[in-house]
Amino acid sequence: MEASRSIGGRFVGLAAVSGAAGGVVMAMWMMVYSAATDNGFWSPLNVCMASFVYRSDAQMMIHDMMVHPGMMSMNSAIIPSHLAVGFLLHMTFSIVVGVSFALILLAAIRVLGLPLLATRFGYTAGAVIGGLVLYGLMMYAILPSANPLMVDVTPRGAFIIGHVLYGLTFGLIAFALLRPTITSPRLRSAAA
C-alpha cells in the first residue's frame, strides 16, 4: 500500500502526460482563437512561442505591425523551424508545469491534509486555480523580462481562458491517472 503512495518515475511520467494533455488543449484553444481573429491558425506556435528563440524575427514583425497599424495581424508565413521550435517549447513548458502542479497539489494534500484536494472536484479546482496563478506569473513577472514581445501581442482574455483550460484538462486527467498516489488510505473514503 505504501509503495503506491510514493513519488517516483511513474508519478512524474503520469504528471508529464497530464501536463502534455493540458498543453495540447491550451494550444488548440489559442490556435482556434487566433484563426478566428484573422491572425492565422499557427501563429501562437509559429510566432509567439517561437519568439523565445527567434527574437529578431519577432521584433521585425512587431515593428511592421506598428509601422502599418491597419495591419495588426500576426498571420505570417509558416516557417517550419519556427513552428517546430514553438511546438517543442510549448509542450516542454506544459510538461514542466504539469509535473510542478502535480507535486504542489500532492504536497498540499499530504502536508496540509486537505481532504477536498483528494477529490476529483477539489483536485481539478486546485489545478484551475494553479492555471490562473500561472497566467498572472507569466504576464506580469516572467514574460516582461523573458519575452516582452509576447506580452505585447498576447490577447489577455484568450490567454486567461487558455490557462483555465490547461488547468481543467490537467486536473481531470492527472486526478484519474494519479489517484492511487494522491489519495492516502485515510482520505480514500473522502475521495470516492
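The analysis underlying the following values was restricted to heavy atoms, covering all of them including side chains, and did not include hydrogens, waters or symmetry mates. In this text the structure is predicted, and so the values were computed from the model without any measurement.
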Enquirer: Report yes or no: do Met30 and Leu137 belong to one cluster of Ile/Leu/Val/Met/Phe/Trp/Tyr joined by side chain heavy-atom distances under 4.5 Å?
Expert: yes

Enquirer: So do Val24 and Met91 actually touch side chain to side chain, heavy atoms under 4.5 Å?
Expert: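 Result yes, sub-4.5 Å side-chain heavy-atom pair found.
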
Enquirer: May I have the step-by-step check of side-chain contact (heavy atoms from CB on, under 4.5 Å) for Tyr123 and Leu172, ending in yes or no?
Expert: CA-CA 8 Å; Tyr123 194 87; Leu172 291 171; over 6 Å; no

Enquirer: For Phe170 versus Ala127, what's the shortest heavy-atom pair and its separation?
Expert: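 Closest heavy-atom pair between Phe170 and Ala127: CD2-CB, 3.7 Å.
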
Enquirer: Enter the distance from Met26:CE to Leu168:CG here, rounded to the nearest 0.5 Å.
Expert: 13.0 Å

Enquirer: Hey, mind stepping through Leu105 and Leu117 against side-chain contact (heavy atoms from CB on, under 4.5 Å) and telling me if it holds?
Expert: CA-CA 7 Å; Leu105 287 168; Leu117 284 180; 4.2 Å; yes

Enquirer: Assign the ring pair His163 / Tyr135 to parallel, tilted or perpendicular, where the plane angle (0 to 90°) is split at 30° and 60°.
Expert: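 Because their plane-to-plane angle is over 60°, the rings of His163 and Tyr135 count as perpendicular.
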
Enquirer: What pair of heavy atoms forms the shortest contact from Ser145 to Ala141, and how long is it?
Expert: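 Heavy atoms of Ser145 and Ala141 come nearest at OG-O, 3.9 Å.
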
Enquirer: Is Leu116 reachable from Leu106 through a run of hydrophobic residues whose side-chain heavy atoms are each under 4.5 Å from the next?
Expert: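 Unlinked, Leu106 and Leu116 end up in two clusters.
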
Enquirer: How far apart are the closest heavy atoms of Leu165 and Val25, and which atoms are they?
Expert: CB-CG1, 4.0 Å

Enquirer: Does some side-chain heavy atom of Thr37 sit less than 4.5 Å from a side-chain heavy atom of Pro155?
Expert: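 Pro155 does not reach Thr37 side chain to side chain.
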
Enquirer: Short question: side chain of Trp29, backbone of Ala158 - any donor-acceptor pair under 3.5 Å?
Expert: yes

Enquirer: At their closest point, which heavy atom of Gly167 faces which heavy atom of Val128, and how far apart are they?
Expert: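 Answer, listing the atom of Gly167 first, then Val128: C-CG2, 3.9 Å.
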
Enquirer: So, do Leu88 and Val85 sit near enough that their side-chain heavy atoms are less than 4.5 Å apart?
Expert: no

Enquirer: State yes or no: do Ile173 and Met28 share one hydrophobic cluster built from I, L, V, M, F, W and Y residues joined by side-chain heavy-atom distances below 4.5 Å, directly or via other members?
Expert: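 Hydrophobic grouping puts Ile173 with Met28.
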
Enquirer: Quick one: does any side-chain atom of Thr124 pair with a main-chain N or O of Phe121 as donor and acceptor, under 3.5 Å?
Expert: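 It does not hold such a pair.
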
Enquirer: Examine Val133 and Ile104 and state if one hydrophobic cluster contains both, with Ile, Leu, Val, Met, Phe, Trp and Tyr joined whenever side-chain heavy atoms are less than 4.5 Å apart.
Expert: no

Enquirer: Taking atom CD1 of Ile160 and atom OG1 of Thr154, what is their separation to the nearest 0.5 Å?
Expert: 11.5 Å

Enquirer: Can you tell me if Ser94 uses its side chain to pair, donor with acceptor, with the backbone of His90 under 3.5 Å?
Expert: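 Indeed, once roles are kept as given, a pair shorter than 3.5 Å links the two residues.
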
Enquirer: Report yes if the side chains of Arg156 and Val151 come closer than 4.5 Å at any heavy-atom pair, otherwise no.
Expert: yes

Enquirer: With rounding to the nearest 0.5 Å, note down the distance linking OG1 in Thr181 to CZ in Arg10.
Expert: 7.5 Å

Enquirer: Checking the side chain of Thr169 only, and the main-chain atoms of Tyr166 only, is there a donor and an acceptor separated by less than 3.5 Å?
Expert: no

Enquirer: Is any side-chain heavy atom of Phe11 closer than 4.5 Å to a side-chain heavy atom of Leu103?
Expert: yes

Enquirer: If hydrophobic clusters are built by linking Ile, Leu, Val, Met, Phe, Trp and Tyr wherever their side-chain heavy atoms come under 4.5 Å apart, do Phe159 and Val32 end up in the same one?
Expert: yes

